[in-house]
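In what follows, a structure is listed as C-alpha cells, so that the remarks can point back to it.
Computed from heavy atoms alone, side chains included, the values below leave out hydrogens, waters and symmetry copies.
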Amino acid sequence: MDGRLRADLGRIRQVSGRLGQVERGFSDATGFTGLDGAFLGSGPLAAALESCVTGWSQQRSALIAQLSNVARLCALAAASYERTDTQLTAALDKAMKGGTGERG
C-alpha cells in the first residue's frame, strides 16, 4: 500500500443498512408467551423456560442497542469520509486555480 487511506463508501453504507436489517429482525422476534405449568406439564419447567426467555429478552435488547449504534456509526463514517473528500477536492481546486496549473 502506498500510505493513502481508501474507503469504499458504498460498502460502509451497505454495512450500515445490513446491520439495520439485523437489528429490525431481532426487534421483531417474539418470545414464548402463555407457556404455563399446565401446558408443559410441570410448574418448575415452565418457570425455568420463563427465566430463559426473560434472560434472552434482556440480552436481545442489549444486542439491538449495540447493532443500532454500530449501524449509526457506519453511516456517520461514510458521511464524514464523503464530506472530507468534498472539502479536500474544493481546496485542491482552489489551490490549482491560484497557481500555474489552471483547472476548470
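In this structure, CG in L76 is found 8.5 Å from CZ in R83, a value given to the nearest 0.5 Å. To the nearest 0.5 Å, the span separating CG on L19 from CG on L73 amounts to 10.0 Å.
When atom types are taken as modelled, the side chain of T84 and the backbone of S80 share a donor-acceptor pair closer than 3.5 angstrom. The main-chain N or O of D85 is found under 3.5 Å from a side-chain atom of T89 such that the two form a donor-acceptor pair.
Contact annotation: the side chain of R13 approaches that of E82 to within less than 4.5 Å [non-hydrogen atoms, C-beta and beyond].
Of all heavy-atom pairs spanning A71 and S16, the tightest one is O-OG, 2.8 Å. Scanning all heavy atoms of the two residues, the minimum distance from L9 to A78 falls at CD2-O, 3.7 Å. Nearest heavy atoms, C74 versus I12: O-CG2, 3.1 Å.
A donor-acceptor pair shorter than 3.5 Å cannot be found between the side chains of Q21 and R18.
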